[in-house]
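Read the structure below first, then the notes.
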Number of protein chains: 2
Amino acid sequence: MTTPEIEATDRKILQLLAEDGRMSYTDLGKATGLSTSAVHQRVKRLEQRDLITGYGATVNYAAIGVPLTAFVAVTPLDPSQPDDCPERVADLNEVEACWSIAGAESYMLKVRVATPEALEELLGRIRSVANVGTRTTIAMYTYYENRPTLKH
Amino acid sequence: MTTPEIEATDRKILQLLAEDGRMSYTDLGKATGLSTSAVHQRVKRLEQRDLITGYGATVNYAAIGVPLTAFVAVTPLDPSQPDDCPERVADLNEVEACWSIAGAESYMLKVRVATPEALEELLGRIRSVANVGTRTTIAMYTYYENRPTLKH
DNA sequence: ATTGAAACTTTGTTGAA
DNA sequence: TTCAACAAAGTTTCAAT
């Protein structure tokens with residue numbers, strides 16, 4: 001938003017790090033035609049400008065026994081109350097993402113749980129902690145997730 | 001799915017790497033009470049078992065001029081055709097994720113674009129490349145995304 | 001943006017519990 | 001089988017240019 005124009009080299013570095021967050025500065029340098037310390041400097045600048053907000057391992061949740069992903073569309077029940085649903089549901093660690101949406105409902109949550117029972121129980125906690133109604137769409141299979149969308 | 005029971009130390013390593021994918025083996029060792037080479041070995045095993053499927057930088061898409069996220073619920077139009085929508089839309093790099101869902105529609109896509117015009121154009125490409133109908137929900141603001149859901 | 005040097009990290013090998 | 005200790009190779013991070 002602040003700097004929509006990103007220079008080509010910085011864009012390339014963003015793309016490479018989005019695809020492999022553990023790539024070494026040496027290899028980033030080779031891939032961009034810069035010296036190791038020049039890329040290092042640029043990466044630090046990308047972090048400081050908040051264009052890179054962090055690094056994470058991609059965990060195979062299905063394989064570790066948390067196979068259920070669901071989308072929960074959320075409607076606040078009392079319009080006179082302060083609308084702080086995103087902060088309230090942030091306390092629930094099953095909630096992986098929260099967006100405000102255009103349409104019939106106010107927010108969309110993405111949640112991850114181990115079992116249908118755990119989902120039902122979580123929906124109860126979401127409704128009571130945020131005083132909202134919920135409409136849930138269960139994802140039965142994840143083909144892919146978090147693919148980098150930078151290749152243009 | 002194959003190994004739903006993950007040992008406590010491996011779980012801790014997964015959690016730490018989900019939160020900071022560039023954490024060094026030295027620091028992982030300090031955080032888990034193991035030697036550098038012992039964590040190193042465990043991380044390689046987590047990668048081999050596909051419990052860690054990759055590492056990525058978290059890119060602030062809004063800040064680099066791609067502020068629009070949308071969810072596209074997709075319905076195949078011709079039930080006699082092979083249903084290969086996930087593979088077909090995988091070619092469109094604006095498509096970040098694809099889930100098969102329970103409910104009125106068959107799939108849910110998550111897409112990222114720069115402008116409403118780019119979204120409209122992308123929806124056209126999705127419909128023609130996969131021979132599907134679409135129902136789109138625009139995310140106007142991202143409160144948070146990809147929070148690790150491993151703290152239990 | 002680069003070079004070069006010191007500090008630190010990674011990753012293979014070896015052997016102990 | 002899992003861990004620790006070591007050591008060589010590679011990487012990071014600075015200051016100076």
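Within every chain, numbering begins at 1; the chains are lettered A, B, ... in the order of the sequence lines, protein sequences first and strands thereafter.
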Sequence neighbours left out, cut at 3.5 Å: what donor-acceptor pairs do the side chains of residues 23-30 of chain B make with other protein atoms?
unit_1 : atom_1 : unit_2 : atom_2 : d
B:S24  : OG     : B:D27  : N      : 3.1

So if I take the C1' atoms of five pairs at each end of the helix from C:dA1-D:dT17 to C:dA17-D:dT1 and get each local axis, what angle do the two axes make, rounded to 10 degrees? 40°
All side-chain hydrogen bond (donor to acceptor under 3.5 Å, both in side chains) counterparts of B:Q81, not counting sequence neighbours: B:N131
To check you understand the geometry: which heavy-atom pair defines the closest contact between A:N93 and B:L150, and what is its length? OD1-N, 4.4 Å
N/O-N/O pairs, protein side and nucleotides 8-17 of chain C side, under 3.5 Å:
unit_1 : atom_1 : unit_2 : atom_2 : d
C:dT10 : OP2    : B:Y25  : N      : 2.7

Can you list everything that forms a ring pair (Phe, Tyr, Trp, His ring centres under 6.0 Å) with A:Y55? Sequence neighbours excluded, please. none
Which atom pair, heavy atoms only, marks the closest approach of A:S106 to A:P76? OG-CD, 3.3 Å
Which residues pass the salt bridge (charged side-chain N to carboxylate O under 4.0 Å, His left out) test with A:D84, sequence neighbours left out? A:R88
Which residues, ordered by chain and number, are linked to B:L92 in its hydrophobic cluster, where ILVMFWY side chains connect at heavy-atom gaps below 4.5 Å, directly or through other members? A:Y141, A:Y143, A:Y144, B:L68, B:V72, B:V74, B:V89, B:V95, B:Y107, B:L109, B:V111, B:V113, B:L119, B:L122, B:L123, B:I126, B:V129, B:V132, B:I138, B:M140
Tell me every residue that passes side-chain hydrogen bond (donor to acceptor under 3.5 Å, both in side chains) with B:E105, counting only those two or more places apart in sequence or in another chain. B:R135
Residue list, side chain to side chain contact (heavy atoms under 4.5 Å, CB included) with A:T9, at least two apart or on another chain: A:E7, A:I13, A:T32, A:L34, A:R42
When you compare the protein's N or O atoms with those of nucleotides 5-7 of chain C, which come within less than 3.5 Å of each other, and at what distance?
none

To the nearest Å, how far apart are A:L28 CG and C:dA1 P? 14 Å
Would you please name every residue forming a salt bridge (charged side-chain N to carboxylate O under 4.0 Å, His left out) with B:R125, sequence neighbours left out? B:E94, B:E121
Hydrophobic clustering (ILVMFWY, side-chain heavy atoms < 4.5 Å, transitive) - are B:W99 and A:V66 grouped together? no
Under 4.0 Å from any heavy atom of chain B: name the first and the last nucleotide of DNA chain D that qualifies, 5' to 3'. D:dT2 to D:dT12
B:E47 atom CD, neighbour heavy-atom count above 12 within 6.0 Å: yes
